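Everything numeric here is computed off the predicted structure, so don't read it as measured data. We name chains A, B, ... by the order of the sequence lines, and we start the count at 1 in each one.
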Amino acid sequence: MGNTSSMLTQYDIEEVQQHCNNAFSQQEIVSLYERFCQLDRNGGGFVSGEEFLSVPEFAVNPLSQRLLTMLDGLNFKEFVAFLSAFSPRATVQQKIEFIFKVYDSDGNGKVTFNDMLDVLHDLTGQFISEHQREQVLTKVLEEAGYTKESLLVMSDFVKILGSSGLKMEVEVPVD
Amino acid sequence: MNSSEGKLKSSSSELDLDRPNIEDYLPSGSSIQEPHGKLRLRDLLDISPALTEAAGAIVDDSFTRCFKSNPPELWNWNVYLFPLWCCGVVFRALVLTIGWIIFLSCFIPVHFLLKGNDNLRKKMERALVELICSFFVASWTGVVKYHGPRPSMRPKQVFVANHTSMIDFIILEQMTAFAVIMQKHPGWVGLLQSTILESVGCIWFNRSEAKDREIVTRKLREHSQGADNNPLLIFPEGTCVNNQYSVMFKKGAFELGCTVCPIAIKYNKIFVDAFWNSRKQSFTMHLLQLMTSWAVVCDVWYLEPQNLRPGETPIEFAERIRDIISVRAGLKKVPWDGYLKYSRPSPKHRERKQQSFAESVLRGLELEEK
């Protein structure tokens, strides 16, 4: 069912490649299309949350719900654009932009204390109390020169994360 | 015959007891970066490891790979071979029809007339089931090579094999009349199950019922203890896998206190993809597909019987046997429970990751306060 590259024309591939800023090679896009079709079991043209969650490795990830809100309803072009941050050809700037988007759940370009607290909650679950989470976050924010009321923007994220070697790459299997 | 595609439910804790620790298989270490020494803002904000894992799973994951069909290239569609192929199909349908006629004309009288003489009836029915299976195999132009010593009929012995399709059972059955444990299916298959397969002594289970497992375990135990019963054949994966991977074995077959005889089955992909993708096609379509392929070629290895070693748990025993079978049949092992096709993984795995990260954050906090 729809998992042959004959469904994707050369023109389609080039369009997708342009949309993701050449993050993936044409072969990789073909592989990603096969994967997309494999995940999109009911053939609706997009992969639903349920279909993503049927991948056990994804379902056990602490950030899966958060990512689902970003992934839900994406068509193939947007799907590839979503994954482009994970390409080895992506710049550090692009990777940090992606991380920023994960934090900035309301999409207004600013990350609040609560946004950061929410992500920390996803990562630590019930194993730290809410109070301790706040405590830790406030402490490290202050040490970095921010306060609880600070609104972080993209440039702040670049400053904080830019220096560490950010490793965020996946390999697209190419037959 | 498709499994219901409703909402996936979180697996009950009962199913958890069935499998060994997944953490033993997955790369060690938390997926969430553990900060060393003093905790910085960067350590808390850097979610790249978790994101990378999620993206990796989206792009490719070992579980979905187990259930991917691999239809062979159509190398035989040309003018010369086509008429030959048509004749082949007709001939095979004929063979199967003849087989059924012979079988039914012998089985029905035997079943009803020899009601009193149980022993003789059992023997004859066994032979007849072997016969109809041979006819089935012939109808797919099956070329099966059996390796290893023919299993001997002894009590307290069960057979386990990897599972690719329901035809696994037929292929093994034509050599030796096994009793099998199967999911009860609707339709004509169910009818066959309740009439003919009853005669070789089969056990039914229902995947969706949790309590069902206890009943089945008891039936398994009873059957394996009985000396007169046909040897029991179990597919511990619990679901069909695509013959290139093997998923976790359920421990039920390994805690019966019996010798376990492993059987490895490998289909030759050039001729047909024998994997029955129950999500994509019904069993009827699957059989038709087999009948219209050129051949079903496979190897069956009867491997050395194994016993539970002292100090070994049933789960370890299951893993050891899975290893033996996977090596023989060239299958890659994955740490997933086949039933994840029908339900979600338990939150336990996510919680373990969360716990590990939480602990390191707390540790970092303590270091600060010193």
Between A:Gln10 and A:Gln26, a side-chain donor and acceptor under 3.5 Å
yes
Atom [atom1] in [X], atom [atom2] in [Y]: separation rounded to 0.5 Å?
X: B:Leu44; Y: B:Phe357; atom1: CG; atom2: CZ; answer: 5.5 Å
X: A:Phe24; Y: A:Ser31; atom1: CZ; atom2: OG; answer: 10.5 Å
X: B:His163; Y: B:Thr239; atom1: NE2; atom2: OG1; answer: 7.0 Å

Chain B heavy atoms under 4.5 Å from [X]: which part of the residue, side chain, backbone, both or neither?
X: A:Glu142; value: neither
X: A:Ala144; value: side chain
X: A:Phe36; value: neither
X: A:Phe58; value: both
X: A:Val102; value: side chain
X: A:Val136; value: both
X: A:Leu71; value: side chain

Ring centroid separation A:Phe86 to A:Phe98 under 6.0 Å:
yes
Salt bridge or not for A:Glu28 and A:Arg35, using N-O below 4.0 Å?
no
For each of A:Ile96, A:Ile128, A:Asp122, tally heavy-atom pairs with chain B at distances under 4.5 Å, and name the one with the top tally.
A:Ile128
With chain A, which of B:Thr64, B:Leu45, B:Thr52, B:Ile47 has the greatest number of heavy-atom pairs at distances under 4.5 Å?
B:Leu45
If you count the non-hydrogen atoms of other residues, nucleotides and ligands that lie under 6.0 Å from CD in A:Glu15, is the total more than 12?
yes
